[in-house]
Amino acid sequence: MKKRLIFIFLCIVLILGYAVGSYFVDFALKRIDPNDIDSGPPACADIHDPSVIIPYKPDFQNEIWTIQSADGLKLNATHFSPYQPNHRWAILVHGYGRDQRYAWDYAEYYLNEGYEVLTPDLRSSGTSEGIYLTMGAKESDDILIWIEKILEHDPDAKIILHGVSMGAATVLIAAAKSNSQNLVAVIEDCGYTSAFNMFKSQLKVIFNLPSFPIMNFVDIVSYYKTGVAITEAAPILFVKNINVPTLFIHGTDDKLVPYYMMQELYDNSHAPIKEIFSVEGVGHASAKNFNPDAYFNRIFSFLNQYKSRDNH
C-alpha cells in the first residue's frame, strides 16, 4: 500500500509538473499566431515597451532571401545593397518577440557606412516559419546557414554579426559554433548569460513565483516541445570559443537583462580582442536609441580596426 501511494504521489507530481512547465513554455516561447507577422509569445505583452514603433524600411535596393533550417523551416530575410557594392557584410539580428523590421534602423547606419546588410526574420518570427522560439539555441544554427547563403552570393564576404537582446545571445552562440574564416567580428548588445537565468528573474517579476521547481519543469518540457532545453540557450557556455573581435554593449539600468550578465560574458570570453561599451542610465535594448550617433560611432570605430581583414 505504501509503495502504491508513493507511486500515485509521484505520478501526480509529474502530471502537475508537466502542466506547469507546459504553461510557462507556451507563455514564453510559443507564437500566438504563426500567420500574423506581428505575433509573438504571450510574454511579450509584459516585456515589450509599447512606445517602440516599427522603423522605416531603408531606401536602398533590396530583395528577399530564403533558406531552409536544419529542421525544415522556411526562413526569410531581406538583403539590402549599399550604393557601392563591396565585400563587407553585416547580419543584423532582432530581439525576442520582434522581427527583422526592428533591425531596419540599425541597417540604415550600416548601409550608409557601405556594408551589405542582411536582416533575417528568426524562426517563429515575422514572415519565417515556426511555432516556438528557442532563445538562441536553434536560431544560432540558422544564422550559420545565412552565413553560408552570403558566401554563395559573395565568396569573399567578410561578415560581422550584430544582435540585440535575444539576437545578441543568438550571434554569440553562432560565432562560437562557426568555423568560417569569413566571420570577422561580433557586436552583442544586451545579451543574457542564459535564457534560464533571465526567465528565473522574470518569473519573480511577472508572477511573483519562485524559480524552483517551476524552471526545472520548464527546462524539461521545453526540450519535448521545441527540441532543445532552455538551458541550452546559454551564451555563457559558448563565449570561450569565440575567436573573433567582440564588442559587448549594455545599458547600466537594464532591468530585463541585468548589467552584470554582460560583465560575466566579457570575463568568460576568449575573443582575441574584446571591448565593453557601457551606456549609463539606459534600460534594455535602448543603447542605440539613447544616442544613435554615439552608438554607431563606437561600433564603427571598433570595426574599422579590422578593415585590413576584409580586403576592402
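In the hydrophobic cluster analysis, where Ile, Leu, Val, Met, Phe, Trp and Tyr join through side-chain heavy atoms closer than 4.5 angstrom, Ile91 is grouped together with Ile67. Residues Tyr18 and Leu29 fall within the same hydrophobic cluster, defined by Ile, Leu, Val, Met, Phe, Trp and Tyr side chains chained together at heavy-atom separations under 4.5 Å. In this structure, Leu237 is a member of the same hydrophobic cluster as Ile173, with clusters built from ILVMFWY side-chain heavy atoms closer than 4.5 Å. Note on Leu161 and Ile276: same hydrophobic cluster, where clusters join Ile, Leu, Val, Met, Phe, Trp and Tyr whose side-chain heavy atoms are under 4.5 Å apart, directly or indirectly. Taking hydrophobic clusters as Ile, Leu, Val, Met, Phe, Trp and Tyr residues chained together by side-chain heavy-atom distances below 4.5 Å, Val228 does not share a cluster with Ile143.
Side-chain contacts under 4.5 Å among hydrophobic residues (ILVMFWY), followed directly or transitively, place Val52 together with Ile54, Tyr102.
The main-chain N or O of Val244 is found under 3.5 Å from a side-chain atom of Thr246 such that the two form a donor-acceptor pair. Looking at His94, its side chain does come within 3.5 Å of a backbone N or O of Leu122 through a donor-acceptor pair. At distances below 3.5 Å, not a single donor-acceptor pair connects side-chain atoms of Asp219 with backbone N or O atoms of Ala229. A side-chain donor-acceptor contact under 3.5 Å links Ser39 to the backbone of Asp33. Listed for the Ser269 side chain is a donor-acceptor partner under 3.5 Å among the backbone atoms of Ala271. Within the 3.5 Å criterion, the main-chain N or O of His284 finds a donor-acceptor partner in the side chain of Ser286. Asn86 places a side-chain N or O within donor-acceptor distance of the main-chain N or O of Gln84, the cut-off being under 3.5 Å.
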> Can you check side chain to side chain donor-acceptor pair (under 3.5 Å) on Tyr295 and Asn289, steps first, answer last?
Replying inline: CA-CA 8 Å; Tyr295 181 87; Asn289 295 335; over 6 Å; no
>> Run Gln68 and Leu75 through side-chain contact (heavy atoms from CB on, under 4.5 Å) and show every step you take.
In response: CA-CA 6 Å; Gln68 186 176 64; Leu75 308 178; over 6 Å; no
> Given the rule in the ring pair (Phe, Tyr, Trp, His ring centres under 6.0 Å) test, do Phe296 and Tyr109 qualify, once you have shown the distances and angles that lead to the verdict?
Replying inline: CA-CA 7 Å; Phe296 283 103; Tyr109 279 85; 4.1 Å; yes
>> Quick one, Phe196 with Val218, criterion side-chain contact (heavy atoms from CB on, under 4.5 Å). Give me CA distance, side-chain angles, the key distance, then yes/no.
In response: CA-CA 9 Å; Phe196 187 92; Val218 168; over 6 Å; no
> Going through the distances and angles, do Phe24 and Phe217 end up as a side-chain contact (heavy atoms from CB on, under 4.5 Å)?
Replying inline: CA-CA 9 Å; Phe24 283 108; Phe217 292 136; over 6 Å; no
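Put simply, the side chain of Pro245 does not reach to within 4.5 Å of the side chain of Lys274, judged on heavy atoms. Here the side chains of Gln100 and Pro120 are not in contact, with every heavy-atom distance at 4.5 Å or above. Side-chain contact check for Leu265 versus Leu172: some heavy-atom pair is nearer than 4.5 Å. Side-chain atoms of Val117 and Leu92, non-hydrogen and from C-beta on, do get closer than 4.5 Å to each other. In this structure, the side chains of Cys190 and Val164 come closer than 4.5 Å at one or more pairs of heavy atoms. His270 has its side chain out of reach of Asn243: every pair of non-hydrogen atoms, C-beta onward, lies at least 4.5 Å apart. When side chains are defined from C-beta on, Glu116 does not count as touching Asp154, because their heavy atoms never get closer than 4.5 Å. Side-chain contact between Leu247 and Ile187 is present, with heavy atoms from C-beta onward closer than 4.5 Å.
No side-chain N or O of Ser125 forms a donor-acceptor pair with one of Asp99 less than 3.5 Å apart. Of the N and O atoms on the side chains of Lys177 and Asn241, not one donor lies less than 3.5 Å from an acceptor on the other residue. No side-chain donor from either of His250 and Ser278 sits under 3.5 Å from a side-chain acceptor of the other. Side-chain contact annotation: Ser22 with Lys225, donor-acceptor N/O pair under 3.5 Å present. In this model, a donor atom of one side chain and an acceptor atom of the other lie less than 3.5 Å apart for His162 and Tyr110. No donor-acceptor contact under 3.5 angstrom links the side chains of Asn76 and Ser128, judged on distance only. A donor-acceptor contact closer than 3.5 angstrom links the side chains of Thr119 and Trp104. In this model, a donor atom of one side chain and an acceptor atom of the other lie less than 3.5 Å apart for Glu63 and His79. Between the side chains of Trp146 and Glu148, not a single donor N or O lies within less than 3.5 Å of an accepting N or O. Side chain to side chain, Asn268 and Glu264 fail the donor-acceptor criterion of an N or O pair below 3.5 Å. Donor-acceptor pairing under 3.5 Å is lacking for the side chains of Thr78 and Asn62. Looking at Ser194 and Asn197, their side chains do bring a donor and an acceptor atom within 3.5 Å of each other. When only modelled atom types and interatomic distance are considered, Asp105 and Tyr56 share no side-chain donor-acceptor pair under 3.5 Å.
Using a 4.0 Å cut-off between charged side-chain N and carboxylate O, Arg298 and Glu275 make a salt bridge. A salt bridge links Asp38 with Arg101: the distance from a Lys NZ or Arg NE/NH1/NH2 to an Asp or Glu carboxylate oxygen falls below 4.0 Å. Taking the charged nitrogens against the carboxylate oxygens, Arg31 and Asp36 have no contact shorter than 4.0 Å, which rules out a salt bridge. Between Asp156 and Lys158 no salt bridge is recorded (no basic side-chain N to carboxylate O distance below 4.0 Å).
Once rounded to the nearest 0.5 Å, the distance linking CG of Leu183 with CD1 of Ile159 reads 7.0 Å. Separation of atoms CZ (Arg123) and CG (Leu73) is listed at 5.0 Å; rounding is to 0.5 Å. In this structure, CG on Leu118 lies 5.0 Å from CD1 on Ile150, to the nearest 0.5 angstrom. The CE atom of Met262 sits 12.0 Å away from atom OG1 of Thr193, with the distance rounded to the nearest 0.5 Å. Interatomic distance, Tyr96 OH to Met166 CE, rounded to the nearest 0.5 Å: 8.5 Å. Rounding to the nearest 0.5 Å gives a distance of 10.0 Å between CD of Glu139 and OG of Ser69.
Between Tyr23 and Phe27, the angle of the ring planes stays under 30°, which puts this pair in the parallel group of the 30/60° scheme. Relative ring orientation between His153 and Trp89 is described as perpendicular, the plane-to-plane angle rising above 60° on a 0-90° scale split at 30° and 60°.
Within 6.0 Å of atom CD1 in Ile53, 12 or fewer heavy atoms from other residues, nucleotides or ligands are found, so the atom counts as exposed in its surroundings. With a 6.0 Å radius and a threshold of 12 heavy atoms from other residues, nucleotides or ligands, Asp59 has its CG atom at or below the threshold. The number of heavy atoms from other shown groups lying within 6.0 Å of CZ (Phe300) is above 12.
A ring-ring contact (aromatic ring centres under 6.0 Å, His included) with Tyr266 is found for one member of Tyr260, Phe248, Phe277, Tyr259 and no other, namely Phe248.
The shortest non-hydrogen separation linking Ser165 to Gly95 is CB-CA, 4.4 Å.
Residues in residues 184-195 take part in no salt bridge (charged side-chain N to carboxylate O under 4.0 Å, His left out) pair, two or more places apart or across chains.
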Output side-chain donor-acceptor pairs under 3.5 Å for residues 202-216, partner residues at least two apart or in another chain, one line each.
{"from": "Lys204", "atom 1": "NZ", "to": "Asn208", "atom 2": "OD1", "distance (Å)": "3.0"}

